[in-house]
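For reference, the structure is listed below as structure tokens.
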Protein chains: 2
Amino acid sequence: LISAEAVSKSYESGDLTVKALHSVDLVIGSGEFMAIAGPSGSGKSTLLFMISGLDIPTSGRVLLKGKSISEMSGRELSDFRRDHIGFIFQSYNLIPVLTVRENIEYIMLLQGVGEKERRDRVAEILEDVSLPGMENRFPSQLSGGQQQRVAVARAMVSKPDLILADEPTANLDSYTGEALLDMMRELNEKRGMTFVFSTHDTTIMERSSRLVLLRDGRIVKDETRG
Amino acid sequence: LISAEAVSKSYESGDLTVKALHSVDLVIGSGEFMAIAGPSGSGKSTLLFMISGLDIPTSGRVLLKGKSISEMSGRELSDFRRDHIGFIFQSYNLIPVLTVRENIEYIMLLQGVGEKERRDRVAEILEDVSLPGMENRFPSQLSGGQQQRVAVARAMVSKPDLILADEPTANLDSYTGEALLDMMRELNEKRGMTFVFSTHDTTIMERSSRLVLLRDGRIVKDETRG
Ligand SMILES: Nc1ncnc2c1ncn2[C@@H]1O[C@H](COP(=O)(O)OP(=O)(O)OP(=O)(O)O)[C@@H](O)[C@H]1O
Ligand SMILES: Nc1ncnc2c1ncn2[C@@H]1O[C@H](COP(=O)(O)OP(=O)(O)OP(=O)(O)O)[C@@H](O)[C@H]1O
Ligand SMILES: [Mg+2]
Ligand SMILES: [Mg+2]
């Protein structure tokens, strides 16, 4: 589905050069439920930005369904992301001037989904993340964990093949976090939706069928379990 | 040190009214190491905003060292906060256009601390949060957990009597999070610095000498242990 081949990433700005990833190889198959763990600063967010095409490697390449991202036009890449990938940012990236409903339905608008169906799917996804009735609030009127769940809802509502989630339960209590994990596992098992998330939560790591460990920008362990 | 008496807080905007806290009583003594836990949306951030004076109760009152906040002038309150309270926000609130050093030393500038001493204390606090040498980076050049630690450093560097921390380890792996907790415990035991933090992390809850549980804006448990 997605593969990274010898991907390295350095951030450069003025005289600051930071090597965030060193020659990372990773193949993500359809239907996986993979956790990426590692210390703060080890490269988890950077790796997610590379495999989503939201940022470009310094060297190496990323293939989406066999095609190298660097060979895609900007249009082709953004269409691919819109139709196949849902991204949940570590800092949510909700649009402050849009309501919860508008934030969530944004991508369905781009896909040309009709108004009645958008309304119904927003209501349904809000139920799934335990935020019923929050459609008309603005992000600033939500708690941190509620904002996080709206970011999750936004990524899920367009039913993408792949969800890339950057620490999706960081601001959730264990009960709410596990409910979210259950929902994701169910979509994975019943609909074959692929999940790749970075996490610090050992509960999530234990419930993933594959665990990748990063340290200082390198994969030090890649373990598939039952 | 700080006490909340029958504090209630409702957020109102247009036709939306949200009761975030219902008649909360809480007395925080000097030298405590208190964790506030509870589900996402239960009122943790709101409670921290009330006891820091960063926001005003709808009813009830908050006393700082015996004096009601409502009887203080705006100047008196902000001076008190500057000199006695360090606040770590759930979303860090780092200033994007300032470097890590400038973000951290801001409050020392307000306090009139000299340049050499500011430099030294910034270097020292960055060591304490395991971010040595990061002085000249901008917040956007840091990982999520690194930004969180800069927010922690900023609150700590002015050596306040009281630290109020809103989920200070949410974006940290367990190792980095525990190192932070060790540092806070040491300041608490050796310098008598008071810590009140909201958290979802059971490790932190277990290592606190007092645990307050919130549910739907009410305190449902307030337990002091050894
Ligand atoms: N500005 C606001 N306007 C309206 N409602 C708000 C506002 N801020 C918070 N709320 C609501 O008040 C309640 C308590 O919010 P608070 O941020 O204190 O929760 P929390 O316990 O910190 O949650 P989390 O663990 O998710 O950070 C929630 O129901 C939230 O939606
Ligand atoms: N824009 C940037 N400019 C310079 N360095 C950066 C930039 N973004 C990230 N870095 C650095 O790259 C490294 C990896 O960052 P990344 O955000 O991928 O870590 P992470 O594993 O997601 O950490 P966390 O668990 O704290 O979120 C870190 O050392 C970080 O400081
Ligand atoms: Mg990250
Ligand atoms: Mg909160």
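- For chain B, the nearby parts of A:L172 are the backbone and the side chain; heavy atoms of each come within less than 4.5 Å.
- Within 6.0 Å of atom CZ in B:R119, 12 or fewer heavy atoms from other residues, nucleotides or ligands are found, so the atom counts as exposed in its surroundings.
- Taking a 6.0 Å sphere around CG of A:D216, one finds it holds 12 or fewer heavy atoms contributed by other residues, nucleotides or ligands.
- For the set B:Q147, B:Q148, B:Q141, B:Q90, the entry with the most heavy-atom pairs within less than 4.5 Å of chain A is B:Q90.
- Comparing A:G177, A:S91, A:A20, A:G144 by how many heavy-atom pairs each has under 4.5 Å with chain B, the most go to A:G144.
- A 6.0 Å sphere centred on CG of B:L16 holds more than 12 heavy atoms belonging to other residues, nucleotides or ligands.
- Heavy-atom contacts from other residues, nucleotides or ligands closer than 6.0 Å to OH of A:Y106 number 12 or fewer.
- Between chain A and the options B:S130, B:S13, B:A170, the largest number of non-hydrogen pairs under 4.5 Å is found for B:A170.
- For chain B, the option among A:S174, A:S143, A:G43 with the highest count of heavy-atom pairs below 4.5 Å is A:S143.
- The number of heavy-atom neighbours closer than 6.0 Å to CD1 of A:I56, taken from other residues, nucleotides and ligands shown, is 12 or below.
- Rounding to the nearest 0.5 Å places OG1 of A:T169 at 9.5 Å from NE2 of B:H200.
- Contact annotation for A:S40: both backbone and side-chain heavy atoms come within less than 4.5 Å of a heavy atom of chain B.
- For a residue to count as touching a neighbouring chain, one of its non-hydrogen atoms must lie under 4.5 Å from one of that chain's; by this rule A:Q146 touches chain B with backbone and side chain alike.
- Atom OG1 of B:T199 sits about 11.0 Å away from atom CG of A:D173, to the nearest 0.5 Å.
- Counted within 6.0 Å of OH on B:Y175, heavy atoms from surrounding residues, nucleotides or ligands total 12 or fewer; the atom is thus considered open.
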